[in-house]
Amino acid sequence: MKVVIIGGVAAGMSAAARLRRLDEKAEIIVLERSPYVSFANCGLPYHIGGVIKERDQLLLQTPATLKASLNLDVRTGHEVTGIDRARKTVSVREVDGGRTYHETYDKLVLTPGAVPLRPPLPGLDHPAVMVLRNVPDMDAIKQRVDGGAKRAVVIGGGYIGLEMAESLRERGLVVDLVEMQPQLLPPLDPEMTWLLEEHARRHGVTLHLGTAAAAFRDAAGAVKVELQNGTELTADLVILSAGVKPDTTLARAAGLELGPRGGIKVDAYLRTSDPDLYAAGDAVETPH
């Protein structure tokens, strides 16, 4: 059996490793568009903050180590651009060089993850407005912090926003955190989050709750953040952590059924509406 897995981070590499343990003879190919696989994505903010000192500590595996230990064919820098369900092939483009080819499969596993929400706000394309999703994002943010950034604005008071606020304070930056809901971590009860809010304030994070970013403007290389309540904040760096949405571009184009919240619809065995396609991770919807 030949299995192709699209995406080589948490869900994709977990699927590949489990498949190898279930079948020693299967041909398993992992296609990952970024340069890295199986990296410790939860540690990205903490390398920026200096808690995780060495960048290599985040890079758990390489294609070479995965080939040696599990006999996996892991191809980084290979982006899948389309799925032909009738022919059971995927179209692949090599990021460096642009060469394209087709890869056949018996079973296909979709683990493309999620993409950061980017609300349609004026000035969102300013180079100082950044997101944190992968290792290149981390490198770009850390480069700006290492380059002398003094003040940061974090948009979003969820998990990534709080981790980034903490990490930037560790680096000595002045941090403003903006959350459109009247509390941090909106999924939690207010009785739980006020303790967190007091903790953040004690550590020097200025909270702007119950308001949202309205626009971004250049300010001599820095960025001025306009909030809906009229407040203006100037920063050398803006971290946009307003949430994520399932990356369903390939699934939608292939005609797979999506769930009511926009993720790939799967059953209890992670099967999609196509019996030869499975999906897992942040891109799917499952019964809760």
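Since the model is a prediction, treat every value here as computed from it, not as a measurement.
- Arg118 is linked by a salt bridge (charged side-chain N to carboxylate O under 4.0 Å, His left out) to nothing, counting only residues two or more places apart in sequence or in another chain.
- A salt bridge links Arg85 to Asp274: one of the charged nitrogens lies within less than 4.0 Å of a carboxylate oxygen.
- Pairs of residues two or more places apart, or lying in two chains, that qualify as side-chain hydrogen bond (donor to acceptor under 3.5 Å, both in side chains) and include a residue from residues 120-131 are His126-Asp218.
- Hydrophobic clustering, defined by side-chain heavy atoms of Ile, Leu, Val, Met, Phe, Trp and Tyr closer than 4.5 Å, leaves Tyr269 isolated from every other such residue.
- For the side-chain contact (heavy atoms from CB on, under 4.5 Å) test, residues two or more places apart in sequence or in another chain that qualify with Met180 are Ala212.
- We find that Lys88 and Asp276 are joined by a salt bridge, their nearest charged nitrogen and carboxylate oxygen being less than 4.0 Å apart.
- Every residue two or more places apart in sequence or in another chain that forms a side chain to side chain donor-acceptor pair (under 3.5 Å) with Arg55 is listed here: Tyr36, Asp139.
- For Tyr101, the side chain to side chain donor-acceptor pair (under 3.5 Å) partners two or more places apart in sequence, or in a different chain, are Arg75, His78.
- Among residue pairs with one or both ends in residues 180-200, those qualifying as salt bridge (charged side-chain N to carboxylate O under 4.0 Å, His left out) are Glu198-Arg201; sequence neighbours excluded.
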Which pairs of donor and acceptor atoms, one on a side chain in residues 2-13, lie under 3.5 Å apart (sequence neighbours left out)?
from, atom 1, to, atom 2, distance (Å)
Lys2, NZ, Glu103, OE2, 2.6
Lys2, NZ, Thr104, O, 3.2
Lys2, NZ, Thr104, OG1, 3.0

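- In this view, Gln181 satisfies the side chain to side chain donor-acceptor pair (under 3.5 Å) rule with no residue, not counting sequence neighbours.
- Counting only distance, with no hydrogens or angles, the side chain of Arg133 and the backbone of Ala114 share a donor-acceptor pair below 3.5 Å.
- Residue pairs meeting the ring pair (Phe, Tyr, Trp, His ring centres under 6.0 Å) criterion with at least one partner in residues 171-223, sequence neighbours excluded, are His199-His203.
- Listed by first then second residue, pairs satisfying side-chain hydrogen bond (donor to acceptor under 3.5 Å, both in side chains) with a partner in residues 256-267 read Glu257-Lys265, Asp267-Arg271, not counting sequence neighbours.
- Residues passing the side chain to side chain donor-acceptor pair (under 3.5 Å) test with Ser14: none are found, sequence neighbours excluded.
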